[in-house]
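These numbers come from the heavy atoms of this one structure, side chains and all, not from hydrogens, waters or symmetry mates. Per chain, numbering begins at 1; letters A, B, ... match sequence-line order. None of these values were measured; they are calculated from a predicted model.
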There are 2 protein chains.
Amino acid sequence: MHIEFRHLRTIKAIHEYGGLARAADQLNITQSALSHQIKGLEDQAGVELFVRRSKPMRLSPAGQRLLRLAEQVLPQVEATLSEFSSLRDGRSGRMHIAIECHACFEWLFPVLEGFRKSWPDVDVDIRPGLAFDALPALQKEDVDLVVSSDPEELPGVEFVELFDYNAVFVASASHPLASKPYIDAEDFRGQTLITYPVERSRLDVFSQLLIPAKVEPAAIRQVELTAVILLLVASNRGISVLPDWVVREVKYSSDYVTRPLTETGITRRLYAAIRSEDMEKPFVRELVDLARVEARKLQSQ
Amino acid sequence: MHIEFRHLRTIKAIHEYGGLARAADQLNITQSALSHQIKGLEDQAGVELFVRRSKPMRLSPAGQRLLRLAEQVLPQVEATLSEFSSLRDGRSGRMHIAIECHACFEWLFPVLEGFRKSWPDVDVDIRPGLAFDALPALQKEDVDLVVSSDPEELPGVEFVELFDYNAVFVASASHPLASKPYIDAEDFRGQTLITYPVERSRLDVFSQLLIPAKVEPAAIRQVELTAVILLLVASNRGISVLPDWVVREVKYSSDYVTRPLTETGITRRLYAAIRSEDMEKPFVRELVDLARVEARKLQSQ
DNA sequence: TGAGTGTTATGAAATTGTTTCACAATGGCG
DNA sequence: CGCCATTGTGAAACAATTTCATAACACTCA
């Protein structure tokens, strides 16, 4: 036999209610059961837990030590169990997010700030570095939400529409292309294109414009941070294509020009990929709602 | 079913050894048993503890919470168990001491100081206030040792001889009785006697001298602290009778005189009353030995 | 894609552990 | 001493855990 929580509860009750008989009542068990239980425990621990010289039996020093253990440990168990119950009823949970699109930090951060206020018990995190294998990670429950603009048919995964955005051309105000009303694929020839450091197929400029038109820019420079991209563009070290919610920030600055790509513009749609089972969780729905609101805010600035 | 330590050990092993099968080996149990165990636990907790999408199954968020509990709680249990084993093999234990004789603090404190060094895991305490019912308290295991000078025949209790001492008369050097070579009962007539605040039968002066001689002092003043008794005696507010180990301290001071009681002196013996079952415990024997050594030291000063 | 391997799940039977029942033993108290 | 309240004990009943045998599943590699 091993020491078990049952024993701790018993010790505690015997101490609390002063005696086996009363403790037995409290625990909805017979006095005999407790007697056997304690005997077993004393055999296994090899120490006397109770002083039996006096009649309502009392804790021995060893018994008091065990009581101390009980009083340390039982509340910890209670705490865990109550976290489970808040997990069950959807008040707490995990919301680890993978973002495929590099610029999504811009709107995601404010969304998460708001989210944390409404759902303080949900463990929120952004997991960068998963950009590549995000959807498998979603299926394996390594993450709980993937922000993506390429929906796929996957079993157990649903793509919820978040919002539409435009891929927008950005250049320095003094750039030759600044005079054109809109930008075509051919305009990229001979230019230095600044992009996020991800593979071409994940970049809107390439997948939507340059690859179909078979145009190759003169050079590509990969930069991690949006702010740095804009800096380089302003100082005429290259041109770039960014989502409109990023571009709004610089639209009214006289340093930059922004132009639509092609005469009609290139519009894309962003999705939240979520495991079907998570779809009904209230905090998941709220995160999606918050994202939409935030996007609208950014785009109407 | 309830959550039990077994489950915590299981969770921990599965996490540690990466998978049910390996954990089962470690715990000397079949993989099937663990599978059943976890199922039961998940049913009862109402949450999924593991992610089964991938093959060696991994902890879900709830499972990680449970693992955290396991890692908090299991070491606490270990600690308790190891205290039990040191209790079993006699390295630790409890040594709560009741002293009937009020002046015994004087030699007991240094004894306990030494004792703590040799037996750091023994819980030592002096319980004053039990002076009256000390022996019943010993039988009920409320205390573990009683210092007493009145041995009785009690079942399960043994009286171990500690050392002999003399009850010694103390007065101010300027006191009229200071001129006598020894003090008799009759000398107390008309005097103010300063004693500890306990009943007469527990005071050597009364039980050994004044009661048999049917002598009543003019007044009795009860004082708690030995140092205060000596102070009062020095300033001629009364006379007192104290054990020799206390008196040695003032013997060579010109403020006091000390004299034997009666021509032959009154010698008494101090005992340690101990429950028979505790007699063989090594730290009990050592405490008795230390007490004897300390007494010898005090008396040969 | 399918065979092979390693892993987890499941149901029934066996085993082990716990509780109950009935009553014995013991201590406390008048 | 005798009564009442309390704890202890052994056998039987009951409940749980574990095992066994085998199915189902997921990953790997050809």
- Query: A/Lys39 has an atom NZ; how far is it from atom C1' of C/dG17, in whole Å?
  - Reply: 14 Å

- Quick one: A/Arg22 CZ to D/dA5 P, roughly how many Å, whole number? 11 Å

- Are OP1 or OP2 of D/dG8 and a side-chain N or O of A/Arg52 less than 4.0 angstrom apart? yes

- Task: Send over the distance from B/Tyr17 OH to C/dT8 P, rounded to a whole Å.
- Result: 15 Å

- Rounded to the Å, how far apart are B/Ile3 CD1 and D/dA16 P? 17 Å

- Item | B/His96, NE2: over 12 other non-hydrogen atoms inside 6.0 angstrom | yes

- Note on the structure: Closest to the side chain of A/Ser35, out of D/dT18, C/dT19, D/dT9, is D/dT9

- May I have the distance from A/His36 (atom NE2) to D/dT7 (atom C1'), rounded to whole angstrom? 11 Å

- Message: What's the closest nucleotide to the side chain of A/Arg6 if the choices are C/dA9, D/dT18, C/dT18?
- Response: C/dT18

- Item | Side-chain H-bond candidate by donor/acceptor type, B/Gln37 with B/Thr10, under 3.5 Å | yes

- Message: Heavy-atom nearest nucleotide on DNA chain C for B/Leu20 versus A/Ser32: which residue maps closer to 5'?
- Response: B/Leu20

- Starting from P on C/dT8, measure out to CD on B/Gln31 and report it in whole angstrom. 7 Å

- Message: Please evaluate residues B/Glu161 and B/Arg269 with respect to the criterion salt bridge (Lys or Arg N to Asp or Glu O under 4.0 Å), reporting the C-alpha separation (whole Å), side-chain torsions for both, the decisive distance (0.1 Å), and the verdict.
- Response: CA-CA 7 Å; B/Glu161 180 191 326; B/Arg269 183 163 288 179; 3.5 Å; yes

- Query: With a non-hydrogen cut-off below 4.0 angstrom, is B/Leu34 in contact with a base, only sugar-phosphate, or nothing?
  - Reply: nothing

- Answer yes when A/Asp150 and A/Arg268 have at least one side-chain N-carboxylate O distance shorter than 4.0 Å, and no when they do not. yes

- Item | Ionic contact status for A/Arg116 with A/Asp123, cut-off 4.0 Å | no

- Task: May I have the distance from B/Asp25 (atom CG) to C/dG6 (atom P), rounded to whole angstrom?
- Result: 13 Å

- Message: If you only use heavy atoms from C-beta on, which nucleotide in C/dA9, D/dC20, C/dC21 is closest to the side chain of A/Thr30?
- Response: C/dC21

- Return the value, rounded to whole Å, for the distance between atom CG of A/Leu27 and atom P of C/dT18. 15 Å

